[in-house]
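Below is one structure, written out as structure tokens, with a few remarks after it.
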Amino acid sequence: MTANGRKSIARSDLERQAWPELSGHALEVLKAHGTERAVAAGEVVWEVGRPDYPLVHLIDADMNIVDRGRDDSIVVTITAGNFTGELGLLMGQHTFFAGVMAGAGRILTVDPAKLRHLVATVPDVSDIVVSAFAARRKLLVEWADGALTIIGDENERTCLGLREYASRNRIPFRFIEHADRAAVDAFAAGRHDLPSRGTVAIVRGGTVLHDPSPLTLAKALGYELLPDVGELFDLVVVGAGPGGLAAAVYGASEGLKTLAIDDTAIGGQAGTSSRIENYLGFPTGISGSELAFLGEIQAIKFGARVAVPHRATGLRKKGDIFEITLESGDEVRARAVVIAAGARYRKLPLSNLTDYEGNGIYYAATELEARYANGTNAVIVGGGNSAGQAAMFLSRHAEHTYIVVRRDGLSETMSDYLSSRIERDPRITLVTQSEVTALRGEGGLTGVTLTHMQTGEKQDIACRALYVMVGAEPNAAWAGDLVRTDEKGFVLTGADADNPSSPFATSEPGIFAVGDIRSGSVKRVASSVGEGSVVVSAVHAWLAGQPGNGPLAAEKKAG
């Protein structure tokens, strides 16, 4: 197999995983469900922006994957004996590139709906196709190849928000800073009249969006993936953190027609964690974003749909059906709902906080945010595990890292393995019984003031990066009065909600809550995953007792 142009294949383990041989039983299954036909050299099998392109097995011809946004350059050449496609094919996302035949021959095409069914039901097909598609998406992210180019100032709020959306949702993109005028001019090359200020997103080399929101960008990319108007799901999961993804995986794998939505990105708060070391099965740790990515792939494999970014703003019941209103004005309908919307980090009570959000103040510590700690001090506010993981990660980037907590220490709020490492690390200083009382800087953060809560003593720290991880507040207001909450706003379940049918049942039968949003829950990734997995049995029990006697998927199969 060869690559033509900028990329070469079979140089790394990831690339070898991305391009496996398709043979044996898997190939026979695809042949039984596909269509074989002749193709001519130069024939366009699919164009950029197609929402329903097929998987193509190249019987005796090669295909070029072409980037229309870069003067029809060839991203890679897929040779005879292999197959095309990447993760977006299973998700229903629009194509990044065009598929153009490099020579004449014969191909086998498999309709995307048939492929999704085979992936969910035939392990031999699933094992090869899903692994290859996931690896190819990772390669596109590494190569910064795809349908999206973002141009802007890296510290500007809109620019950071778009890059965070793309990064956390594994959307391949290229970022060019306005200051690099040579790169901007080379990209435009007479095709675009691009402004020198503000954030610009160029989709598929053509559509230019000025200061778009993540949702506007998602719609331009064809990634919002909302269901058709009136479409009814067995289960809608609101929130795609660990608990929500687990519910989507188990719901879809057990035959429920399942949709998961999230307002920002897959992974929730866990997705912003640089490294999780105490999750079972990952002795060397795993990043929150990678864990979320793997969970999303599992959900998609079993047929669940994942739609991001979509913020739920309302919940009501009409007859036996629940209707969830989204910020966009759209509605999704379900026979059962799992609330897994989690909790959000609280903000510091400082009058000029918003002046620095996205330009010195951050609420995550992934690779994207860590770059702002290079060559400066990093200050972290918070004493939970997320703060501890952030400190260990940022200490490899910053000149020095400070953790600021209001308590006497970390023992009551942080796992022992993390607090012990922090106490022994010379690159990290723990500042106790203190809080951030002032922010300073023009055009961006340049320093913070810490005040000791008992003595009033002040300490100024020069820094350009402040990471705020100060506890959580529930994200349940959108559900209105349909479900009862405790005095802090977390959703009551089980006996506390006068609904002992399940530990995860809310006061409204048919609505369940799991993970951080649930009152009394343990705020850990593993417990959220466990709750999301177990709740599906309660969902099944609920659906079995409703009109129609069972999930839509079962009724469809019976028909």
Side-chain angles (χ1 to χ4, degrees), residues 1 14-37 45-46 50-60 63 78-93 95 99 106-139 170 225 227 233-235 245-260 293-306 533 536 540 550-559:
M1 191 179 300
L14 183 60
E15 288 169 330
R16 283 190 288 272
Q17 183 182 356
W19 308 102
E21 291 293 330
L22 186 60
S23 59
H25 181 245
L27 180 55
E28 292 303 316
V29 171
L30 292 179
K31 285 181 177 178
H33 292 82
T35 302
E36 186 176 327
R37 68 179 181 88
V45 180
W46 71 78
R50 277 268 311 263
D52 56 354
Y53 63 110
L55 176 142
V56 177
H57 172 60
L58 300 164
I59 298 173
D60 59 4
M63 175 185 283
I78 305 176
T79 56
N82 287 276
F83 61 94
T84 68
E86 64 93 44
L87 199 58
L89 193 157
L90 298 180
M91 300 173 70
Q93 294 176 343
T95 50
R106 297 194 68 79
I107 63 173
L108 174 74
T109 63
V110 181
D111 178 82
K114 291 182 179 179
L115 178 66
R116 292 174 195 132
H117 175 71
L118 294 175
V119 164
T121 58
V122 183
D124 284 351
V125 173
S126 175
D127 291 346
I128 294 175
V129 170
V130 173
S131 296
F133 282 7
R136 292 174 191 180
R137 175 58 67 92
K138 288 184 177 181
L139 284 174
R170 300 296 178 105
L225 302 179
F233 289 84
D234 294 319
L235 172 63
L245 286 173
V249 168
Y250 277 81
S253 69
E254 295 181 16
L256 300 181
K257 185 178 180 181
T258 303
L259 169 70
F293 180 60
L294 295 174
E296 182 183 31
I297 291 172
Q298 283 181 292
I300 293 166
K301 167 185 172 180
F302 289 118
R305 291 169 62 176
V306 181
S533 305
V536 173
H540 268 292
L552 300 173
E555 293 173 4
K556 185 175 181 180
K557 290 178 183 177

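Keep in mind that the numbers below use all heavy atoms, side chains included, and drop hydrogens, waters and symmetry copies.
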- So which heavy atom on Pro54 is nearest to which on Trp46, and how close? O-CZ3, 4.3 Å
- Message: Can a donor-acceptor pair be found, under 3.5 Å and without considering hydrogens, that links the side chain of Arg136 to the backbone of Ala18?
- Response: yes
- Note on the structure: When every non-hydrogen atom of Ala299 is compared with those of Ala248, the smallest separation belongs to CB-CB, 4.2 Å
- Query: Minimum heavy-atom separation for Ser126 to Lys301, with atom names?
  - Reply: OG-CE, 3.0 Å
- Query: Do Phe133 and Leu55 touch side chain to side chain, with heavy atoms closer than 4.5 Å?
  - Reply: yes
- Message: Less than 4.5 Å apart, side chain to side chain, heavy atoms only: is that true for Leu58 and Ile107?
- Response: yes
- Any donor and acceptor pair, going by atom type alone, linking the side chain of Thr258 with main-chain N or O of Ala304 inside 3.5 Å? no
- Note on the structure: So NE2 of His25 and CG of Leu27: to nearest 0.5 Å the spacing works out to 10.5 Å
- Which residue pairs satisfy the side chain to side chain donor-acceptor pair (under 3.5 Å) criterion with at least one member in residues 110-119, sequence neighbours excluded? none
- Item | With His33, the side chain to side chain contact (heavy atoms under 4.5 Å, CB included) member among Val122, Val125, Leu118 | Leu118
- Can you sort out the partners of Gln17 under side chain to side chain donor-acceptor pair (under 3.5 Å), two or more places apart, ordered by chain and number? none
- Query: Quick one: CD1 on Ile297 to CG on Leu87, what's the gap to the nearest 0.5 Å?
  - Reply: 5.5 Å
- Message: A side-chain contact here means heavy atoms from C-beta on lying under 4.5 Å apart; do His57 and Leu30 qualify?
- Response: no
- Shortest non-hydrogen contact from Phe293 toward Lys138: CE2-CE, 3.5 Å
- Query: Which atoms form the tightest heavy-atom contact between Leu115 and Leu89, and what is the distance?
  - Reply: CD2-CD2, 3.2 Å
- Query: Is the backbone of Thr109 close enough, under 3.5 Å, to the side chain of Thr35 for a donor and an acceptor to pair up by distance?
  - Reply: no
- Can any side-chain N or O of Arg106 pair as donor or acceptor with the backbone N or O of Asp60 at less than 3.5 Å? no
- Can you see which heavy atom on Leu256 is nearest to which on His540, and at what distance? CD2-CE1, 3.5 Å
- Task: To the nearest 0.5 angstrom, please state how far the CG atom of Leu14 sits from the CH2 atom of Trp19.
- Result: 11.0 Å
- Task: Return yes if some donor-acceptor pair links the side-chain N/O of Ser131 with the main-chain N/O of Asp127 below 3.5 Å, else return no.
- Result: yes
- Do Asp124 and Val29 have side-chain heavy atoms sitting under 4.5 Å apart? no
- Query: Hey, what do you get for CE (Met91) to CD (Glu296), rounding to the nearest 0.5 Å?
  - Reply: 4.0 Å
- Message: Does atom OH (Tyr250) have a neighbourhood of more than 12 heavy atoms from anything else shown, all under 6.0 Å?
- Response: no
